[in-house]
A.B. asks: 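There's a structure below that I have some questions on.
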Amino acid sequence: MFRPKRPLIHFTPVSGWINDPNGLVYENGNYHLFAQYYPDAMKWGPMHWYHAVSRDLIHWKHLPVALKPDDLGYIYSGSAVFDSKNSSGFGVAGKPPIVAIYTNHGKTEQQSIARSTDYTEFIPFTSNPVIPNDTLPDFRDPKIFRKPEGDWGLVLAAGDRVKFYSSANLTDWKETGEFSEQNSASGVWECPDLFPLSCGNRTKWMLTVSMGSGAADRGSRTQYFIGDFKNGKFVSDKPCPDAHWLDAGFDNYASVTFDNTPDKIMLGWASNWIYADKIPAETYRGCMTLPRNITLSETPDGDFIPVLSPVKIGIFSECNYSEFRSLGTACFCIKVSGRGEGYVTLSNSAGNRLMFGVNGNNEFYFDRTEAGIKDFDENFASEMFSVATHKRIMSGSWHFELIFDSYICEIFADGGYSAFTSLVFPEIPYNTISCSTGVKARIFKSNSTNL
Ligand code: FRU
């Protein structure tokens, strides 16, 4: 039986099942990651919040479960903030609280909060829910953000739209507006986020929305809108008949950003609801993407587009090809450059071949058709989930960085204008790299003693 090795530099739970990242928050040098979690099986079940903490976003310490199902229901996705000014009044002895907000999924979906001043044990608020609901069937995934006015903003998903709220104390919330956009992507809206990004001397707001398993034809994906956020309302710069996707790969869902970091850092769940519960697994199921810095760039046509780059990993060192051949490592990075059409193939002696490069239409592409084990699910093995492409916004020479970690492949192309995140299950590690004429690859091995 094929047993995937645990990734070295990606977050995975000790056991059980995880999906969406929740409550990403930074305090005093610690990054907190919570996640949708079911401890009793390697499949989705009554949701809890997993909790882990890291000082570099690569090495994680596992902490006790933060939230368990209660009288109001399961603990669905949500967010957390570091309330440094103690606006909530939940601080104790001068120690500011982390306040988490989540959806209680019971008879209906309602928003509840919990607080912590030791940043480990979370105590649900006695007057939950703080945003009640008894009519809407889908009303979930609250994400708190900081408003320029100094109070707190919140965005949550409500069926085919998002709703905005504001609050001075994280407890009393008032609705301020909503946003919806009928475009090519259908599906229930989930896990929204809203945050400002500066570009030159302008500040734009980016709204991200994950799209359920019905998103167009590729399952779970995250779309984005760029615009302005004023008076509690978001206005998109342009109506977009075609959805703009944050990641061109198959496996990056429910991406959200950390609270309280100077730069915006985002990570997602590296899977797709279409086949998430069938991927090969032994002791746990589910994995996060690498954390990425997200910035904004303006194209010559005046469009704003997000640029993604992985946070500094610090465990890779350059090696030569013969070292790579003999290494058989499951975690490595390659930096590839070329011009015009060109490709790279990673392969192994089991006959697995992963291909990527630039095609004749000036598109980056990623092809996992023959990359490894795929018969665990008919969708994963289908044509639809085999080849992904993304149109380049520039022409001429190109480059990309590929980070491979056991069964997750992440590509950041042209400095992050295109990102592809996808699961790939080689039977044994790739140890051969072949490039088409003119394409060059530098190889970096992981120094696993760091972990
Ligand atoms: C997204 C999602 C959320 C929900 C959670 C339940 O993947 O469906 O909308 O809160 O998963 O686990």
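Counting begins at 1 with the first residue of the sequence. All ligand and atom numbering here is 1-based and tracks the order in the structure.
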A.B. asks: So for ligand 1, is Trp269 a polar contact partner (N or O within less than 3.5 Å, distance only)?
C.D. replies: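 Among all N and O atoms of Trp269, none is under 3.5 Å from an N or O of ligand 1.
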A.B. asks: From the options Glu190, Glu109, Met211, select the one whose nearest heavy atom is closest to atom 8 (O) of ligand 1.
C.D. replies: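 Answer by nearest heavy atom: Glu190.
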A.B. asks: Quick one: which of Asp141, Leu194, Leu207 gives a side-chain contact (heavy atoms from CB on, under 4.5 Å) with Val162?
C.D. replies: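 Option passing the side-chain contact (heavy atoms from CB on, under 4.5 Å) with Val162: Leu207.
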A.B. asks: For Asp20, counting its heavy atoms only, list the atoms of ligand 1 lying under 4.0 Å from any of them.
C.D. replies: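 The atoms of ligand 1 under 4.0 Å from a heavy atom of Asp20 are 1 (C), 2 (C), 3 (C), 5 (C), 7 (O), 11 (O).
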A.B. asks: Would Lys95 and Tyr119 count as a cation-pi pair here, with the cationic atom under 6.0 angstrom from the ring centre and within 45° of the axis?
C.D. replies: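 Ring-cation test returns yes.
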A.B. asks: Identify, by atom number and element, the atoms of ligand 1 in contact range of Tyr253, meaning under 4.0 Å from any of its heavy atoms.
C.D. replies: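 Per the distance check, 1 (C), 7 (O).
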A.B. asks: Can you confirm whether Lys68 is buried at NZ, in the sense that more than 12 heavy atoms of other residues, nucleotides or ligands lie under 6.0 Å from that atom?
C.D. replies: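 No.
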A.B. asks: Any idea which atoms of ligand 1 are less than 4.0 Å away from a heavy-atom of Asp141?
C.D. replies: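 So the atoms of ligand 1 that pass are 3 (C), 4 (C), 9 (O), 10 (O).
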A.B. asks: Against heavy atoms of Gln36, which atoms of ligand 1 measure under 4.0 Å?
C.D. replies: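 Here the atoms of ligand 1 in question are 5 (C), 6 (C), 12 (O).
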A.B. asks: Between Asp237 and Lys204, is the closest basic N to carboxylate O distance under 4.0 Å?
C.D. replies: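 Looking at Lys204 and Asp237, the cut-off is met.
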A.B. asks: Would you kindly check if the NZ (Lys) or CZ (Arg) of Arg140 is within the cone defined by 45 degrees around the ring axis of Tyr76 and under 6.0 Å from the six-membered ring centre?
C.D. replies: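 Not flagged: Arg140 not positioned over aromatic ring of Tyr76.
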A.B. asks: Quick one: sort the Phe34 and Trp49 rings into parallel, tilted or perpendicular, breaks at 30° and 60°.
C.D. replies: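 Tilted: the ring planes of Phe34 and Trp49 meet at 30° to 60°.
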A.B. asks: Tell me, please: is Asn19 in heavy-atom contact with ligand 1, that is, under 4.0 Å?
C.D. replies: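 So Asn19 counts as touching ligand 1.
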A.B. asks: Which ligand 1 atoms, with their elements, are less than 4.0 angstrom from a heavy-atom of Met47?
C.D. replies: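 That gives atoms 12 (O) of ligand 1.
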A.B. asks: May I ask you to decide if the ring planes of Phe179 and Trp189 are parallel, tilted or perpendicular, using 30° and 60° as cut-offs?
C.D. replies: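 Taking Trp189 first and then Phe179, their aromatic rings sit tilted (interplane angle of 30° to 60°).
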A.B. asks: Have a look at ligand 1 and work out which part of Ser77, if any, has a heavy atom under 4.0 Å from it: side chain, backbone, both or neither.
C.D. replies: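 The answer is both.
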